[in-house]
Amino acid sequence: MEDKKYIKLITSTEIAEYSNIKGFMILKPYGYKIWENIKKIINKMLIKNKYKNVYFPLLIPKNLFDLENKYIKTFSKECAIVTHTKLIVNKKNKLIIDKRSKLNEFLIIRPTSETIIWNTFNKWIKSYRDFPILINQWCNIIRIEMRNKMLIRNSEFLWQEGHSAHINEKDALLEINKIKYLYKKLIKYYLSIPYISGYKTDKEKFAGAKFTYTFETITKNKGKFIQLATIHFLSQIFSKAFNVKYINKENIQEYPWGTSCGVSTRLIGALIMIHNDDHGLILPPKIAPIQVIIIPIIRKDTNKNKVFNFINFIKKNLKKKKIKVKCDNTSKTPGYKFYKYENMGVPIRITIGEYEINKNIIEITRRDTLKKRYLYIKKNLNKKILNILNNIQKNIYMIAEKNMKKKTYIIDNYNEFKNKISTNRGLILSHWDNNTKTEFKIQEETKATIRCIPKKNKFKEIGKCIYSGKKSKQRVVFGKSY
RNA sequence: CGGGGUGUAGCGUAGCCUGGAUUAUCGCGCCUGGUUUGGGACCAGGAGAUCAUAAGUUCAAAUCUUGUCACCCCGACCA
């Protein structure tokens with residue numbers, strides 16, 4: 001998908017728009033509703049996994065970063081920093097910073113919350129009885145980026161960050177498996193997005209983590225990677241950095257083990273990049289703000305009451321099954337409305353006029369195939385609609401998966417590798433010698449990075465590194481990221 | 001942070017090279033009235049722009065010069 005088309009799709013569907021601050025966007029009602037729907041799903045899953053929602057401060061004292069920095073390279077190049085607290089009016093009647101209000105301790109707008117959370121764990125954690133600690137925060141994050149892409153790489157974004165602390169390594173690793181399962185479900189079954197998952201290389205992982213597990217997908221046309229979700233195994237890195245200790249059963253002090261995980265509004269960007277056609281967006285029914293749109297056909301000689309009574313009857317029925325249905329009775333022409341809701345990605349459109357009423361049928365159009373058909377209105381109409389919604393959900397996954405497979409290449413020759421990256425990008429499976437220097441060299445020469453090291457058996461085979469020719473135990477995923 | 005580009009109404013734009021017939025063009029959208037409505041309706045009327053900003057050149061600047069700001073694109077960066 002071209003960038004211009006991508007931005008146009010976002011703005012024309014009223015998902016989001018540019019604000020007047022570089023890299024900062026305005027999420028509009030339709031886009032925010034999509035986010036709320038995604039939120040609802042994750043929130044439910046996290047709560048089921050015994051996470052509790054919390055809220056930590058937006059501003060983090062710089063000294064917490066100093067503490068962390070002893071062990072971990074942080075986000076120092078992407079921070080927004082609060083240094084003053086007062087504005088005054090100058091002689092030209094303009095607001096300027098009052099230099100006398102300079103803070104002794106600068107405050108950093110959170111680029112992530114591990115620091116302030118582990119600093120707080122210090123107070124919360126005393127005994128082995130305190131575990132596990134499972135908390136989740138819904139909030140905004142600021143990471144000032146030099147180059148932005150709406151919803152994919154914003155300087156501000158909304159996200160969910162889960163943080164956990166465990167008594168031992170085993171429990172922390174179990175937690176990671178739980179979250180893996182949860183994210184897999186979200187991405188595949190709710191967002192209908194095919195993905196490849198695996199571990200980040202040391203070069204690509206979160207510096208504060210012992211390892212990072214990632215979920216990645218590739219875009220339809222450009223074949224660029226988008227990171228969808230990450231899970232970090234923090235090991236004892238943060239507990240040691242913030243001196244968080246507990247007393248175990250044997251009355252010995254120990255450092256707890258941590259994990260963190262997150263998904264962001266980038267998921268909306270991924271949805272847009274992946275589920276679209278010439279008519280616009282195609283939203284997965286499970287997260288679509290409107291699942292069924294009803295377009296009334298009112299002509300000069302139409303009995304309006306008859307049509308709207310009929311529509312209300314259908315609406316009521318669908319609502320009984322919790323189907324999100326809306327009727328557009330504005331004065332625009334039907335054609336206008338057809339294009340509008342197709343662009344917005346509404347999964348099902350129902351058209352109702354006197355023709356339908358007289359025959360006791362409705363005209364129904366699927367967004368994914370754009371095929372029209374008539375359905376008789378009998379008792380099982382709701383069931384049929386639910387079926388179609390399910391069908392669309394699965395079908396758009398299959399289409400996206402096909403696209404991903406088409407762009408997946410197994411390559412064992414470095415020249416071919418270079419050629420693919422520069423012409424027909426995608427997901428490249430090649431051997432790598434597990435050496436960071438090789439990784440850097442390949443990036444330097446081709447701009448491709450290792451997106452992940454997948455752990456499934458099908459990737460495991462003895463081979464030779466595409467760059468160095470040294471022995472490799474498995475294929476890894478190369479590509480160019482957004 | 002380097003290189004390039006752009007800034008004219010809510011949005012997209014013409015005019016800029018070669019300064020003046022500009023009352024700043026056109027399309028979409030918006031408002032009023034009417035006729036319409038089965039794949040982006042039509043007619044009539046209307047509102048909406050200190051041409052990003054500051055200074056300079058000139059009898060005269062959207063147009064030329066310089067500074068500033070903002071945004072976009074391409075790189076570097078992006079746990």
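Protein chains get the first letters and strands the later ones, always in sequence-line order, with residue 1 at the start of each.
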Rounding to an integer number of Å, can you tell me how far A/Ile295 CD1 sits from B/rG38 P? 12 Å

Can you tell me how far P of B/rG75 sits from CD of A/Gln443, to the nearest Å? 13 Å

Figure out the NZ/P separation between A/Lys8 and B/rC72, and round it to whole Å. 18 Å

Based on the glycosidic angle (syn within 90° of 0, else anti), state the conformation of B/rA47. anti

Does this structure show an ion pair linking A/Lys200 with A/Glu216, if we count only N-O contacts that are shorter than 4.0 Å? yes

Say you pick atom P in B/rC17 and the same atom in B/rA52; how far apart are they, in whole Å? 15 Å

Write down the distance between NZ (A/Lys371) and C1' (B/rG39), rounded to a whole number of angstrom. 18 Å

Between A/Thr436 and A/Asp202, a side-chain donor and acceptor under 3.5 Å: no

Between the protein and nucleotides 26-36 of chain B, list every N/O to N/O distance that falls short of 3.5 Å.
unit_1 : atom_1 : unit_2   : atom_2 : d
B/rU36 : OP1    : A/Lys300 : NZ     : 2.4

Is it the case that B/rG39 (base atoms only) and A/Lys372 (side chain only) share a donor and an acceptor within less than 3.5 Å, ignoring hydrogens and angles? yes

For A/Ser164, is there any backbone N or O sitting under 3.5 Å from a side-chain donor or acceptor partner on A/Glu175? no

Relative to A/Phe440, does A/Lys203 satisfy both conditions: NZ or CZ under 6.0 angstrom from the six-membered ring centre, and within 45 degrees of the ring's axis? yes

Check every strand shown and say whether A/Tyr355 touches a base, only sugar-phosphate, or nothing at a heavy-atom separation below 4.0 Å. base

Does the B/rG39 base have a donor-acceptor partner in the side chain of A/Glu342 within less than 3.5 Å? yes

What contact category does A/Ser481 fall into here, base, sugar-phosphate, or nothing, at under 4.0 angstrom with non-hydrogen atoms? nothing

Under 4.0 angstrom, heavy atoms only, what part of the nucleic acid is A/Glu356 near: base, sugar-phosphate, or nothing? base

Which whole number of Å gives the distance between the P atom of B/rG46 and that of B/rU53? 29 Å

Let me know the distance between NZ of A/Lys304 and P of B/rU37, rounded to the nearest Å. 12 Å

Is A/Phe338 stacked on the base of B/rG39, meaning ring centres closer than 5.5 Å and planes within 30 degrees of each other? no

A/Lys62 to A/Phe106 six-membered ring, cation-pi geometry met (6.0 Å, 45°): no

Say you pick atom C1' in B/rU58 and the same atom in B/rA49; how far apart are they, in whole Å? 25 Å

Base, sugar-phosphate, or nothing: which does A/Thr351 touch, judged by heavy atoms less than 4.0 Å apart? base

If we take the P atom in both B/rC72 and B/rA61, what is their distance in whole Å? 33 Å

Does a distance-only test, which skips hydrogens and angles, find a donor-acceptor pair under 3.5 Å between the side chain of A/Glu17 and the base of B/rG10? no

Map every base of RNA chain B to its dot-bracket character, where paired means a Watson-Crick or G-U wobble contact with both distances under 3.5 Å and | marks a partner outside the strand. (((((((..(((.......[.....))).((((((.....)))))).....(((((..]....))))))))))))....

Rounded to whole Å, CD1 of A/Ile26 lies from C1' of B/rC71 at a distance of 14 Å

Please figure out whether A/Lys149 or A/Lys203 has its closest RNA chain B nucleotide nearer the 5' end. A/Lys149

Would you check if there is a donor-acceptor pair between the side chains of A/Ser260 and A/His163 at a distance under 3.5 Å? no

Check the distance between B/rG10's C1' and A/Tyr18's OH and give it to me in whole angstrom. 17 Å

Ion pair check, A/Glu342 and A/Arg349, cut-off under 4.0 Å: yes

Knowing that exactly one of A/Ile293, A/Asp328, A/Leu281 qualifies, which makes a side-chain contact (heavy atoms from CB on, under 4.5 Å) with A/Val346? A/Ile293

I'd like to know if the side chain of A/Asn154 pairs up with that of A/Thr265 as donor and acceptor (distance under 3.5 Å, no hydrogens or angles considered). no

Could you tell me how far B/rU68 sits from B/rG4 if I compare only their P atoms? Round to whole Å. 15 Å

Summary of protein contacts for nucleotides 1-8 of chain B, nucleotide by nucleotide, where a base hit scores B, a sugar-phosphate-only hit scores S (4.0 Å, heavy atoms): B-------

Student check: side-chain heavy atoms of A/Tyr374 and A/Tyr355 closer than 4.5 Å: yes

Can A/Asp277 and A/Arg367 be counted as an ion pair, charged N to O under 4.0 angstrom? yes

Interatomic distance where CG belongs to A/Asn148 and C1' belongs to B/rA70 [whole Å]: 14 Å

When the P atoms of B/rU57 and B/rU13 are considered, how many whole Å apart are they? 34 Å

To the side chain of A/Ile297, which of B/rC77, B/rG75, B/rU37 is closest? B/rU37

Please give the distance between the P atoms of B/rC69 and B/rU23 as a whole number of Å. 35 Å

Just how far is it from atom OH of A/Tyr32 to atom CD1 of A/Ile15, taken to the nearest 0.5 Å? 15.0 Å

Given A/Ile187, which partner from the list A/Val263, A/Leu182, A/Leu228 fulfils the side-chain contact (heavy atoms from CB on, under 4.5 Å) test? A/Leu228

For atom P, what is the distance between B/rC31 and B/rA76, given to the nearest Å? 47 Å

Grab the two heavy atoms, one from A/Arg475 and one from A/Pro454, that are nearest each other, plus how far apart they are. O-CD, 3.8 Å

